[in-house]
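Proteins get letters first, then strands, A, B, ... in listed order; numbering begins at 1 in each.
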There are 2 protein chains.
Amino acid sequence: MKVTARLIERLSTYRRNLQRQIPGAKTRIYSHELAALVGETPALVRRDLMTIGFTGSPAHGYDVPGLIAKIAELLDPPGGAGIALVGVGALGRAILRYFHRVHPEFRFVAAFDTSPDKVGQVFDGCPCHALDDMEATLRQKLIAFGVIAVPADAAQVVATRLVRNGVRALLNFTPERLQMPPGAYVEDVDLAASLEKVVFFGRLGATHAACPGADMAGPESCAANQDAYASDLPSANS
Amino acid sequence: MKVTARLIERLSTYRRNLQRQIPGAKTRIYSHELAALVGETPALVRRDLMTIGFTGSPAHGYDVPGLIAKIAELLDPPGGAGIALVGVGALGRAILRYFHRVHPEFRFVAAFDTSPDKVGQVFDGCPCHALDDMEATLRQKLIAFGVIAVPADAAQVVATRLVRNGVRALLNFTPERLQMPPGAYVEDVDLAASLEKVVFFGRLGATHAACPGADMAGPESCAANQDAYASDLPSANS
DNA sequence: GTCACGCTGTGAACTCATTCACAGTATAGC
DNA sequence: GCTATACTGTGAATGAGTTCACAGCGTGAC
C-alpha cells in the first residue's frame, strides 16, 4: 500500500464528508457521489479506496459505515492521540478552541507557554504548563504529537526539544523550515503563503477572464465546477 | 510564464526567508543557499527564478534586493489588497491578530459577524460589521479577497454572497468544498486534515523506522535533512 | 430466464512537477 | 593572459499523481 500525504488528506475529507451526511440516510454511496461531495473525480475516489483495500460492489457502490470504519482504522491511533501545543498566543488558543469544539477526537492534553499568567490556566480543557516542565510532561503523558504556534525565531528550538522527548510528528504554523531527525514528520501550515496565493489568483481572475486553461494557469478549485453555480444555490441575499 | 499554485507558494517563502536575513548582510545569494534556506533543491530554485524571468550571474548568484522586488512585483497587488474576514470567532480573531502582528501587509479592512456584541467593535484594527451590511461594505471598500472562518454549514452561503459582491478569491478554513463561479479561486486550509496527517505519519515513523523510501512512503519534510541534526543545533535543553 | 445497464477495479496512458546533467560563462588565481 | 572553478540557464529524463478506458459483474426490467 503506497500511502502519500495527499491520500491521507483525501481520506480525511472523505470521512468527514461522509459523517456529515444525515446519519443513516444513505448507507451506500457510489464513487461519483462521494467524488462530488469532496470535489474530486470518481476515478480518484475509486483508486484511493482501492489503495486502502476497501472494495465496493458495482450494484450498490461502497458501504458507508464500513468505509468510515476502514478509514478510522487506518488514521486513528488505537489509544487516541495525545497532542501537545506549544505557544498559547492568539493562534494557539484559537487552535485549542477550534479542535475542542469541532474535533474533540484530537485530544490536546498539554499546552506550554513562557508567560507566567498563562501557566496553570486551563484553555478549553487543556492545561498550560511552563516551558521548563516540557520534558517531564511530555514523557509522563506519552505525548507523540506536537503543534507549534510560537514566534518563528523560537520554532526550531521548540521543535528540537519536542522531538528529543518523544514527539514524532509536528504541525508547524511557523514559516520556519524545521530541521528534523530522520523519521520525524513535519506538516507545515503557512497562512501567509496561503493568503498570498489567494491574492495572486484572485487578481489573475480579475485581469484575464481566466484562471483555467490559457497561459497563466490557476489550479485546484479555480473554475472547478463551472456547472451549477449562480442562481440555484442556497440563496444568500438580503 | 506558467504559474502554478506551488510556484506562488514557493515564491512567497523565498521572499519571506530572504527578508528574514539580516538586511544588507548578503546582497547576493546562490541557488543552493536559497534552497537550503527554504528546504528545496537548488535545481528547483533556479527553475522557479527562470520561470519568473529573474536571472542571476554564475559568478555572484542572484541579487537579493532585486529578487525581492521581482517577487513583490509579481505577488503584491498595486494598491495593496483589501481583505474581508467573515466569522469573528476564536479562529477569525486569531487570524486577524496573527496577520496584524506578523504580516500587516495584508490589510483586513472589514470583518463580518452575526453576533451583535461583536458588531461595532474593532479587532486588531479591523472593524466588525453586521452580516447585513456585507453587500454595501464590500462594494464601498472594493474588497476583492475574503477569508471564511464561519461554521461549516454557513460557508457556502457566505462564499456565495462574497463572490456576488466583487470578491474574487477566498481563503476557506471550512472543510466544506465551496461551489464557485468560473474564474474565482478558493484556497482551502483544512486544519483537521493537516493534524490527521501529523498523527498518521508520526505513528508510521514510530512503528517502522522509516518514513522515507520503502513501502509506506511519507513525504516532504519527513527525513529531509538527515544531515546535520542532533547535537549541533541551537541547544534547547533545560 | 435473458438482456441491458451502470457500476467497480485496474492496467495503461497521460500530464504535471521536479530533478538531472551539461553547455555556457564570468571570475579568481597563477 | 590563461586555466581551473563554480555557478547559472535549460533541454531532456525521470517520477509522481491523476485520469482514461474498458473488462467483468451483479441487478433490475421485461
### Message
So for R47(A) and dT19(D), does any side-chain atom that can act as donor or acceptor lie under 3.5 Å from a complementary atom in the base?
### Response
yes
### Task
Report the residues that fulfil side chain to side chain contact (heavy atoms under 4.5 Å, CB included) with H103(B), sequence neighbours left out, ordered by chain and then residue number.
A192(A), R16(B), Y98(B), F99(B), E105(B), F106(B)
### Nearest-angstrom distance from the residue atom CD of E40(B) to C1' of dT19(C)
12 Å
### Query
Rounded to the Å, how far apart are E33(A) CD and dG6(C) P?
14 Å
### Query
How does protein reach along nucleotides 1-9 of chain D, written 5' to 3' as B (base within reach of a heavy atom under 4.0 Å), S (only sugar-phosphate), or - (no contact)?
------BBB
### Query
Taking only N and O in the side chain of T41(B), is any of them less than 4.0 Å away from OP1 or OP2 of dT18(C)?
no
### Task
Using a strict cut-off of less than 4.0 Å between a Lys/Arg side-chain nitrogen and an Asp/Glu carboxylate oxygen, indicate whether E9(B) and K197(A) qualify as a salt bridge.
yes
### Task
Select base, sugar-phosphate, or nothing to describe what R10(A) touches, counting heavy atoms under 4.0 Å on all strands.
sugar-phosphate
### Task
Provide, to the nearest angstrom, the distance between the CZ atom belonging to R28(A) and the C1' atom belonging to dG6(C).
15 Å
## Note on the structure
Separation of dC16(C) atom P from L44(B) atom CG, nearest Å, is 17 Å
### Length of the CD1-C1' vector between I8(A) and dG17(D), whole Å
15 Å
### Task
Indicate yes or no: does D153(A) engage R20(B) in a salt bridge with an N to O separation below 4.0 Å.
no
### Query
Rounded to whole angstroms, how far apart are CG on L67(A) and P on dT8(C)?
12 Å
## Note on the structure
Ranking dC16(C), dT19(C), dC20(D) by distance to the side chain of K2(B), first place goes to dC16(C)
### Steps toward salt bridge (Lys or Arg N to Asp or Glu O under 4.0 Å) verdict (R15(B), D76(B))
CA-CA 12 Å; R15(B) 172 166 64 167; D76(B) 300 343; 2.8 Å; yes
### Query
Does the distance from a Lys or Arg side-chain N to an Asp or Glu carboxylate O, for R177(A) and D190(A), drop under 4.0 Å?
no
### Query
OG of S57(A) to OH of Y62(A): how many Å apart, nearest 0.5 Å?
9.5 Å
